[in-house]
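Worksheet for the structure shown next.
Remember, it's 1-based here, ligands and their atoms both numbered in the order they're listed. In this text, all values refer to a predicted model and were calculated from it rather than measured experimentally. Numbers here simply count residues along the sequence, with the first being 1.
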Amino acid sequence: MSAFASSAPRLISTDDGSRAAAIAAAVEALGAGRLVALPTETVYGLGADATDGTAVAGIYAAKGRPSINPLISHVPDLAAAETHGRFDADARRLAQAFWPGPLTLVVPKQPGSPISDLATAGLDSVGLRVPANAVTRAVLAGLGRPVAAPSANRSGRISPTTAADVVAELGAKVAVVVDDGPCPVGVESTIVACLGDDVRLLRPGGVSRAEIEAVLGRPLDASPSGHDADASDEVLLAPGMMTSHYAPEAAVRLDAREVRAGEALLAFGPEPIAGQDQAVAVETLSATGDLTEAAANLFGALRRLDSSGAAAIAVMPIPAEGLGEAIRDRLARAAAPRG
Ligand code: AMP
Ligand code: MG
């Protein structure tokens, strides 16, 4: 019998007298770096402290996500959002019109924001949302830190709109499930990017294009080419529209068995490899071979190696199991030739 089989998440209802206890339990678990399923008006979210890279890595592990994409960070109000993102006039107008509500705004990340690199997938933009659910907003205010939360389902499956769906999907992978009844909207948030002169729809959702255009007083700019039919979690960004994926300047060489002249090393696990002493710079994802630690360190380590000025980064083999699959996917995209 596995340890998982006998354990279950703590399912707490928000009925009558238990509301304050549910909020306190969720705040405590999030503060301890654990995963909490939270009700929103769209779907149930699988939340982690967005400033804690290890906790955010836990989201990927629990969902079994095969790739690393930026997550939406949830905050209690616009004032909190403005400490993490830079809002221009359009972004502020949209926030004032639709928050709290099913609209996510992708805006430039404030340089001082403590949101982890893993939550933004290494980008210098951040996706922010103020959800409407009162219990969840109380949790966000109580925690005092943003909560990264994609839908609380295993990768490739339908988004959960009840607490029972969450338990069926994730079981004991989530510490606490806050049961506030069925989600009223049931589709994901609309995602709008305000990253410069134009305002673009990245994903349709609970707020319609017409409602957004009415607030802007003009049509949205041309949208990205389309959506990844396979996953409601994914958004395709138009080529050249923005850096949709963090990519180092240096070439990236995967599954390296040795460090070659002029290379920096991205190390994994306890064993050194040939030529390590000659590496331009070395960063270790996890000295013990822990994939959660490796995911949490991935973007910071890549960025530091990139700024070492090395022409290439040799990456030691990372097992393609568990979170390793998502880490390898991200590194493969960093390694892909770009034009
Ligand atoms: P969800 O799985 O519902 O949390 O939605 C996450 C989606 O939000 C991702 O697939 C992203 O494309 C989008 N998103 C979040 N943050 C950003 C960002 N900084 N830049 C671009 N897209 C973002
Ligand atoms: Mg989803």
inquiry  = Is any side-chain heavy atom of Thr104 closer than 4.5 Å to one of Val192?
reply    = no
query = Is there side-chain contact between Ile23 and Val135, with heavy atoms separated by less than 4.5 Å?
reply = yes
Is [X] in contact with ligand 1, taking contact as a heavy-atom separation below 4.0 Å?
{"X": "Leu123", "answer": "yes"}
{"X": "Arg203", "answer": "yes"}
{"X": "Arg129", "answer": "no"}

ask   = Do Ser73 and Arg129 have side-chain N/O donor and acceptor atoms under 3.5 Å apart?
value = no
State the atoms of ligand 1, each with its element, that fall below the 4.0 Å cut-off from a heavy-atom position in [X].
{"X": "Ile191", "result": "7 (C), 8 (O), 13 (C)"}
{"X": "Ser125", "result": "18 (C), 19 (N), 20 (N)"}
{"X": "Val126", "result": "19 (N)"}
{"X": "Ala149", "result": "4 (O)"}

ask   = With a cut-off of 2.8 Å, does Ser159 place any N/O/S atom under that distance from the Mg ion (ligand 2)?
value = no
ask   = If you measure from CD on Glu325 to CD1 on Ile68, what distance do you get to the nearest 0.5 Å?
value = 10.5 Å
query = Where the closest heavy atom to atom 6 (C) of ligand 1 is concerned, which of Pro150, Gly127, Pro70, Ser67 has it?
reply = Pro70
inquiry  = Using only atom types and a distance under 3.5 Å, with no angle test, would you say the side chain of Ser113 pairs donor to acceptor with the backbone of Gln110?
reply    = no
